[in-house]
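Counting convention: from 1, in listed order, for ligands and their atoms alike.
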Amino acid sequence: MIQDLIIIGGGPAGMTAGIYSARQKLDSLIITKEFGGQMTHKAVDIENYPGFDKISGFELIAKFEDQMKSKGVKVLYDEVKELKKENDIFIALTEGGKTIESKAVIIATGAEPRRLDVPGETEYVGRGVSYCTTCDGPLYNGKDVVIIGGGDTGFEAAIFLNNYANKIYILEYGDTIRAGKDNQEKVSAIEKIEIITSAELKEIKGENFVSQIIFKDRKNGEEKILDVQGVFVQAGYLPDTEFLKDLVELNERKEVVVNFETFETKTPGLFAVGDVNTGKVKQVVVACGEGATAVIYAYKYINK
Ligand SMILES: Cc1cc2nc3c(=O)[nH]c(=O)nc-3n(C[C@H](O)[C@H](O)[C@H](O)COP(=O)(O)OP(=O)(O)OC[C@H]3O[C@@H](n4cnc5c(N)ncnc54)[C@H](O)[C@@H]3O)c2cc1C
């Protein structure tokens with residue numbers, strides 16, 4: 001059976017597309033590895049989603065998911081490994097061995113945490129190296145930790161880890177920190193947080209678990225050591241677009257180029273919304289708006 005629409009990805013963009021597709025009475029299917037996307041990495045409350053003064057990422061996602069499922073949207077928990085288009089029909093091939101055909105597709109695959117590619121990183125994942133502060137922060141009660149990345153995500157991670165860790169370092173590669181004023185003010189009020197700028201992480205070391213990191217002070221080239229038991233990598237996110245191959249045009253950051261009125265890619269009937277496209281503002285409310293818009297244009301494409 002050929003679906004009207006496949007939505008790939010179950011973050012805010014994909015779930016909103018799901019809600020809108022149900023209201024358009026499209027026969028649609030969401031294929032996603034899990035629901036929530038990056039919101040599940042959110043360490044502190046969300047304070048900029050309309051309707052909620054403060055809400056945790058998990059709570060907001062649960063509300064999205066309940067609303068979407070109550071509309072009867074079909075869900076397949078799987079990962080799309082390949083997408084192709086033959087004779088005007090899209091064909092999605094999944095990790096679980098499924099082949100799903102559809103008239104139109106919305107890509108809402110967001111982004112994955114960026115890895116650092118330093119010695120010790122892969123070796124110590126789950127043994128001191130973490131990409132998710134909310135998931136792993138409580139395991140570092142009373143321990144000394146370092147956060148790699150001085151942007152808003154790194155600062156929010158530090159604010160969250162203040163509930164658990166004994167000492168928190170924030171290591172920033174640049175000469176100045178990138179976090180916004182709001183987060184800078186919150187962090188400066190916490191004594192146990194120390195910010196180190198112009199610092200290039202060189203290696204993560206330990207035995208069974210992480211015990212130290214080595215970084216280069218970029219101002220004088222000196223190598224320095226920090227004794228820490230946890231390394232939280234907050235070095236940005238990379239879009240998940242490998243599986244799209246020639247169906248889309250990508251920019252240098254591997255984000256999908258779209259028409260920002262319709263969110264259609266260079267392939268008719270294929271749309272890309274949320275953090276996966278080249279849009280500069282990567283926020284929940286933006287991802288939701290794009291998911292909604294794309295469904296309206298997908299509906300027009302399907303019924304043309
Ligand atoms: C720590 C942190 C804090 C943030 N704080 C805020 C904030 O306070 N306010 C705000 O507005 N925004 C915030 N953001 C940004 C916000 O989370 C993102 O803009 C938003 O989640 C983007 O939604 P998305 O649906 O485009 O992608 P994502 O949230 O990345 O979701 C993508 C989904 O697609 C799935 N997927 C990926 N590839 C495949 C595949 N091949 N097959 C099937 N499924 C796939 C993933 O599993 C995931 O479920 C924050 C982000 C982070 C990381």
Would you say V284 and ligand 1 have an N/O pair spaced under 3.5 Å apart?
-> yes
Part of E34 within contact of ligand 1 (heavy atoms, under 4.0 Å) | both
Are K167 and Y169 in a cation-pi setup, meaning NZ or CZ lies under 6.0 angstrom from the ring centre and within 45 degrees of the ring axis?
-> yes
For atom 1 (C) of ligand 1, the protein heavy atom that lies nearest, with its residue and separation | T153 CG2, 3.4 Å
Tell me, which protein residue and heavy-atom name are nearest atom 4 (C) of ligand 1, and how many Å apart are they?
-> K42 CD, 3.6 Å
To which protein heavy atom is atom 10 (C) of ligand 1 closest, and what is the distance rounded to 0.1 Å?
-> Q283 OE1, 3.3 Å
Of G37, G279, G274, C288, the residue with the heavy atom nearest atom 48 (C) of ligand 1 is G37
Shortest protein heavy-atom distance from atom 27 (O) of ligand 1, along with the residue and atom involved | G110 CA, 3.2 Å
Got an N/O contact under 3.5 Å between V80 and ligand 1?
-> yes
Nearest protein heavy atom with distance in Å, relative to atom 38 (N) of ligand 1 | D240 OD2, 2.6 Å
Would you mind checking if K81 and E95 are paired as a salt bridge, meaning a charged N to carboxylate O distance below 4.0 Å?
-> yes
Between K69 and E65, does at least one N-O distance fall below 4.0 Å, as a salt bridge requires?
-> yes
Carboxylate-amine/guanidinium proximity below 4.0 Å for K74 and D27 | yes
Please work out whether any backbone atom (N, CA, C, O) or any side-chain heavy atom from C-beta onward of V286 is under 4.0 Å from ligand 1, and answer side chain, backbone, both or neither.
-> neither
Hey, is ligand 1 close enough to N48 that some N/O pair sits below 3.5 Å?
-> yes
Shortest reach to atom 13 (C) of ligand 1 by a heavy atom, considering only E79, M39, Q38 | M39
Nearest protein heavy-atom contact for atom 37 (C) of ligand 1: which residue, which atom, what distance?
-> T109 O, 3.3 Å
shortest atom 44 (N) of ligand 1-to-protein heavy-atom contact is with K33 N, 3.3 Å
So for Y237 against ligand 1, with non-hydrogen atoms under 4.0 Å, the contacting part is side chain
With only distance considered, is A111 within less than 3.5 Å of ligand 1 through an N or O on each side?
-> yes
Closest heavy-atom pair, L5 versus S21, reported as atoms and distance to 0.1 Å, is CD2-CB, 3.9 Å
Give the residue, atom name and distance (to 0.1 Å) of the protein heavy atom nearest atom 23 (O) of ligand 1.
-> P12 CD, 3.4 Å
Are a donor atom and an acceptor atom from the side chains of T133 and Q234 found within less than 3.5 Å of each other?
-> yes
Any chance the side chains of Q212 and D227 put a donor and an acceptor closer than 3.5 Å?
-> yes
With the threshold set at 4.0 Å, does a side-chain nitrogen-carboxylate oxygen contact exist between E223 and K202?
-> no
Would one find an N or O of D275, backbone or side chain, under 3.5 Å from an N or O of ligand 1?
-> yes
